[in-house]
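All values derive from a computational prediction rather than experimental measurement. A note on names: the letters A, B, ... follow the listed sequences, proteins ahead of strands, and every chain is numbered from 1.
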Amino acid sequence: MIKTLSNNISFLRTMLYISALVILVVGALTYRSITEVTKSSEMITHTYKVNVELEQVLSYLKDAETGQRGYIITNDSIFLEPYISGRSKINNSFAELKVLAKDNTTLTNSLKDLNLLINKRLLAFQTSYRSLPKNDIDDPAFIQNFKNGRVLMDSIRDQIKGAIAIQNNLLNQRNNEYKSDLMATPLLLFSLLLCSLLLMYAAYNSIYKNIKQLKATNEELEIFKESTNQSEIVSKHGSWTWNVKTNTFTYSDNLYRLLGEQPQSFKPTIENFLTYVHPEDVEQLSKQVEQMKENVELPYIYYRVVHKNGNVKHLKAYGKSLVNDEDETVLLGTTADITDEIISFKVLEERNAELERNNKELSSFNYVASHDLQEPLRKIQTFLSRLEDEEVDKLSPKGIRYIDRIKNAATRMRLLIDDLLQFSRSNKADKVFEDSNINLIFEAAKQDLAEVISAENAIITSDAFPSMKVIPFQIQQLFVNLLGNAIKYKAEGVIPKIEITHQVVEADKEDGITKPKNQFYHKLVFTDNGIGFDNTYAEQIFTLFNRLHNKDEYSGTGIGLSICKKIVENHKGYITAKGEPNKGATFTVFLPID
Amino acid sequence: MQEDYINITLADDDEDDRLFFTDAFDDIKITTRVKTFNDGVYLMDYLNSDDALLPNVLFLDLNMPRKSGLECLKEIKQNPKFKDIAIAIYSTSASEEDIENTFIQGANIYIKKPSDFKTLKKVLAEVVTINWQYHTNSMNKDNFLLRF
């Protein structure tokens with residue numbers, strides 16, 4: 001945009017120069033042609049004047065001749081008058097002619113010859129009428145003289161005719177020149193004017209286009225300015241510029257609002273601004289402002305301001321230094337009100353700390369509760385065992401049955417406490433993920449269950465597992481719980497068979513992965529041939545203390561699968577269950593691959 | 001004469017546990033002399049006294065008022081006078097943390113109190129007859145916790 005404008009400006013400048021040149025040329029040409037015309041008309045006048053004078057001279061001579069003839073005929077001296085006055089008149093005319101012919105040598109020469117002839121003629125007059133005997137016009141000498149006079153007169157006529165012809169020639173020549181000038185000049189002027197008009201039109205067009213463009217740009221700028229204003233208000237931003245050389249500032253309207261003031265209500269200076277800054281932050285901010293002058297990329301600056309009504313706001317400023325056209329350093333800055341963020345951050349922080357505290361309390365409560373519960377229970381069990389061993393003889397069969405019931409209840413309580421302990425342990429915050437050999441973990445889990453496995457003759461088959469990044473003891477627990485469950489809930493009279501498969505799958509191709517964070521997952525499927533369960537409970541079985549069977553039938557606590565879910569969630573994975581009554585159950589575990 | 005007895009000492013604040021302990025040794029066919037203390041302070045006072053009969057095996061409960069089993073363990077291990085005492089941790093719980101801490105502090109074996117008197121007798125008999133020289137040399141984190 002700026003480039004086209006500057007291009008246009010240089011175009012306009014060229015237009016202006018060319019137009020001025022054309023006008024100058026037009027002026028010069030006009031002036032020249034006017035001078036030419038004036039000169040030509042002067043020439044014509046001059047030529048006419050010369051012609052007139054020459055005719056005049058001839059006419060004087062004719063008068064003198066006529067007068068002489070009259071005198072000769074009448075012998076009255078009154079007829080001599082034109083002759084006598086003719087002389088001086090001719091002289092006057094000649095003087096005039098001499099001046100007129102000053103620059104024309106041909107004419108001057110011709111005039112000289114004419115003068116000589118005239119003198120001769122006048123002399124011939126004198127001689128003729130002087131030599132005339134009294135009324136003797138037949139005197140041969142007189143006739144001779146008279147004839148000579150006629151010859152001289154003819155020569156004079158010729159001479160004058162020649163001179164006039166010279167003048168006429170000259171006039172013609174000039175006329176032609178003048179005519180061609182007159183013909184050429186308007187054409188040139190017209191074309192120049194046309195050219196000038198065209199240039200003016202082009203310039204006008206260009207200016208018009210520029211103005212239109214500027215107007216549109218101006219409108220855009222106006223809109224942009226308004227939207228900037230709006231967005232500054234909405235986003236609680238203000239902007240400012242600082243010309244370091246002239247130490248002048250401009251503040252945007254909203255910067256004033258950030259200070260709790262009306263827009264442009266005070267002169268934007270550092271000193272005025274610092275009066276709003278929190279007293280504890282003034283020193284540091286002043287220091288940072290000083291640093292701003294020197295650095296090109298400036299760090300974020302955090303400080304507080306105090307509104308006149310006492311409200312404290314947290315601001316964050318960022319500046320960038322630029323060099324303007326006048327080679328002055330100008331800082332462009334943005335200042336944001338981050339009070340809300342800071343408040344919500346603090347609230348969040350407090351809430352986080354509270355949550356963490358709660359969590360810690362809860363898990364230590366869990367731990368301590370189940371730990372301390374163990375002690376009296378252990379004693380009950382120990383006393384029971386002693387009673388059974390040492391005092392059994394003194395008890396009635398009823399008493400022995402009661403002891404049996406107490407023992408069962410105590411065993412169940414122990415199971416619950418152990419599972420609760422494990423559950424609270426799976427909640428612990430310190431989870432260390434390690435690249436682990438899952439095959440070894442799986443073997444260790446089987447080892448943990450060695451007793452039940454051999455007691456039930458359970459057959460466990462599994463794929464080879466790749467190494468995974470997991471919390472090893474938790475995964476071992478997961479395997480123990482899932483394998484243990486499969487054996488515990490075996491079908492009556494059937495050797496439990498458990499098959500574990502491994503696959504790497506894509507997240508979006510598996511229904512079990514509801515909100516995938518990773519693209520690929522390990523999929524571990526535990527399939528057994530146990531009693532299975534109704535699929536309507538597929539979700540329910542993972543909730544704490546949820547049991548699908550009577551306590552008398554199966555010894556579960558309802559915690560095992562909750563622990564499994566917790567462990568899988570700790571690994572950002574998913575666990576799903578699918579069952580078919582009396583056919584078996586399938587548990588699917590998805591663990592993310594980084 | 002002293003050679004004929006194995007000197008056993010227990011520090012445990014729980015009366016019932018002390019009773020189980022002494023009863024168990026009464027039943028075991030090994031000649032032992034069992035001494036019990038109600039907490040860590042009584043124990044250490046006795047051990048530090050000049051005429052103390054140092055036990056061959058010392059059973060330490062961990063959770064005791066005034067001075068815990070772990071504190072006793074640290075004090076005993078810092079004193080060269082007690083270097084020949086085999087120390088068995090004798091606790092209700094077997095948390096990873098407790099096992100780790102006592103192992104690092106130099107206890108010789110960790111016993112989780114059984115909940116069956118027969119088992120208790122079996123375990124105690126096993127522990128007091130351990131050849132500590134041999135056991136200590138081959139001890140690691142895995143066999144530190146006594147399995148029964």
Check your understanding: Under a 4.5 Å heavy-atom cut-off, does chain A meet the side chain of B/Lys121, its backbone, both or neither?
Key ->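 For B/Lys121, neither part sits under 4.5 Å from chain A.
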
Practice item. Hey, could you give me the CD1/NZ distance between A/Ile403 and A/Lys398, rounded to the nearest 0.5 Å? Key: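 One finds 14.0 Å between CD1 of A/Ile403 and NZ of A/Lys398.
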
Check your understanding: Do NZ/NE/NH1/NH2 and the carboxylate oxygens of A/Arg357 and A/Glu361 come within less than 4.0 Å?
Key ->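 Looking at A/Arg357 and A/Glu361, the cut-off is not met.
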
**Study point:** A/Arg386 and its salt bridge (charged side-chain N to carboxylate O under 4.0 Å, His left out) partner, picked from B/Asp23, B/Asp116, B/Asp27
**Key:**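 The salt bridge (charged side-chain N to carboxylate O under 4.0 Å, His left out) with A/Arg386 is passed solely by B/Asp23 among B/Asp23, B/Asp116, B/Asp27.
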
Review point. Salt bridge between A/Glu354 and A/Arg351, side-chain N to carboxylate O under 4.0 Å?
Key: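 Judged by the 4.0 Å cut-off on N to carboxylate O distance, A/Glu354 and A/Arg351 do not form a salt bridge.
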
Practice item. Would you indicate whether the side-chain heavy atoms of B/Leu124 and B/Phe21 approach each other to under 4.5 Å? Key: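 The answer is yes, as the side chains (C-beta and beyond) meet within the 4.5 Å cut-off.
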
Check your understanding: Which of residues 56-81 of chain B have a heavy atom under 4.5 Å from any heavy atom of chain A?
Key ->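 The list, in residue order, is empty: none.
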
Practice item. Would you sort out whether A/Arg378 and B/Thr92 count as a side-chain contact (heavy atoms from CB on, under 4.5 Å), showing the intermediate values? Key: CA-CA 8 Å; A/Arg378 179 176 50 76; B/Thr92 309; 3.4 Å; yes

Check your understanding: Non-hydrogen atoms of chain B under 4.5 Å away: do they reach the side chain of A/Glu390, the backbone, both or neither?
Key ->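 Just its side chain gets close to chain B.
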
Practice item. Flag yes if more than 12 heavy atoms outside A/Gln447 fall under 6.0 Å of its CD atom; otherwise flag no. Key: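 Incorrect, the count does not exceed 12.
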
Check your understanding: How would you list, in number order, the residues of residues 12-20 of chain B that have a heavy atom less than 4.5 Å from chain A?
Key ->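 Within residues 12-20 of chain B, near chain A: B/Asp14, B/Asp16, B/Asp17, B/Phe20.
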
Exercise for review: Establish, yes or no, whether a centroid distance under 6.0 Å links the rings of B/Tyr46 and B/Tyr42.
Suggested key: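 That pair fails the under 6.0 Å test.
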
Exercise for review: Would you verify whether the NZ or CZ of A/Lys469 falls within 45 degrees of the ring axis of A/Phe433 while also being under 6.0 Å from that six-membered ring's centre?
Suggested key: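 Ring-cation test returns no.
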
**Study point:** Parallel, tilted or perpendicular, as decided by the 30° and 60° cut-offs, for the rings of A/His522 and A/His502
**Key:**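 Aromatic pair A/His502/A/His522 classed tilted.
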
